[in-house]
Amino acid sequence: MDLMLKDKRVLVTASSGGIGQEIARTFAAEGAEVIVNGRSQESVDSAIQSIRQSLPDAKLSGLVADNGTKEGCDKTIAEYPDVDVLVNNLGIYEAADFFEISDEEWERFYEVNVLSGVRLSRHYLKKMLDRGTGRVIFVSSESGMNPTPEMAHYGMTKTAQLAISRSLAELTKGTAVTVNSVLPGPTRTDSVEALIQNVIPESDPEVAEKRFLAENRPSTLLQRLIKPEEIASVVAFTASERAAAINGATVRADGGVVRLVF
């Protein structure tokens with residue numbers, strides 16, 4: 001299926017690794033012009049090289065900016081003032097005892113996970129509305145609907161993203177602009193595998209993964225970690241012209257972790 005993304009300019013924050021890099025790769029495979037973002041030149045160059053190994057003709061440009069800060073968002077906007085698709089993928093997470101999480105950590109999680117998307121959307125969504133077309137996607141998490149005690153601060157930020165996404169979608173009435181959230185479930189990335197080892201200390205990674213899913217995500221229907229490219233496909237479709245009727249939605253790619261029928 002042609003997603004009609006050819007030559008669309010796409011900014012994917014935190015796309016130098018993990019889910020973000022696969023999102024960037026998938027958009028590039030569809031012929032989009034993709035802005036690959038990371039906090040260092042080395043990480044951005046490495047991601048671009050990785051994508052070009054599988055897609056030699058990919059249209060890629062780099063952006064070195066820490067969008068978890070106001071200064072980083074200002075730099076992003078200055079270097080790339082206009083995009084057709086904004087994917088707010090940046091996010092941090094960790095397992096932590098609620099009683100040990102400091103005020104500073106709550107604030108840091110909010111700054112990175114929530115305000116990054118707010119700042120960038122405030123700029124790019126306005127431009128999209130002015131021309132009547134565009135896409136904004138928040139990469140949230142099943143934790144936004146299925147909060148867990150070991151990641152209370154993370155879950156809070158992901159629920160906030162859902163509220164912001166829906167609020168912004170209300171501004172798009174009568175236009176071809178859409179704002180949506182995509183909710184990944186536990187996904188096989190280096191950072192998630194490290195999280196699992198932290199939560200389930202186990203010498204055998206396969207055993208740790210099975211125990212984590214059984215003990216911490218027992219409602220999963222998939223019964224395995226999701227592949228990053230599986231999330232990327234959902235994000236690309238949601239950003240495409242084929243998904244024009246999807247707006248203000250929470251698109252679940254959680255492997256059935258969330259037990260909701262609506």
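- A pairwise comparison of heavy atoms in A28 and I51 identifies CB-CG2, 4.4 Å as the closest pair.
- Shown here for L171 and L129, the closest heavy-atom pair between the two residues is O-CD2, 3.7 Å.
- Look at R242 and E30 and you find no salt bridge, because none of the NZ, NE, NH1 or NH2 atoms lies under 4.0 Å from a carboxylate O.
- In this structure, the side chain of K158 engages the main chain of V139 through a donor-acceptor pair within 3.5 Å.
- Remark: K75 does not engage E71 in a salt bridge, criterion side-chain N to carboxylate O under 4.0 Å.
- With respect to the salt-bridge test (charged N to carboxylate O, under 4.0 angstrom), the residues R217 and E150 qualify.
- Nearest approach of P184 to I231, heavy atoms of both residues: CB-CD1, 3.6 Å.
- With R166 contributing its side chain and G248 its backbone, the two residues share a donor-acceptor pair below 3.5 Å.
- In this structure, a donor-acceptor pair under 3.5 Å is absent between the side chains of T238 and N180.
- Salt bridge present: K59 and D7 bring a charged side-chain N and a carboxylate O closer than 4.0 Å.
- Side-chain N/O atoms of T172 and T175 include no donor and acceptor closer than 3.5 Å.
- A pairwise comparison of heavy atoms in I35 and S15 identifies O-OG, 3.9 Å as the closest pair.
- Side chain to side chain, T189 and S191 meet the donor-acceptor criterion of an N or O pair below 3.5 Å.
- Residue N37 is tested with D66, N67, N89 for a side chain to side chain donor-acceptor pair (under 3.5 Å); the sole match is N67.
- Pairing each heavy atom of R259 with each of S219, the nearest pair is NE-CB, 3.6 Å.
- Salt-bridge formation is detected for the pair E105/R108: a Lys NZ or Arg NE/NH1/NH2 atom is positioned less than 4.0 Å from an Asp or Glu carboxylate oxygen.
- The backbone N or O of S46 lies less than 3.5 Å from no partner atom in the side chain of S50, so there is not a single donor-acceptor pair.
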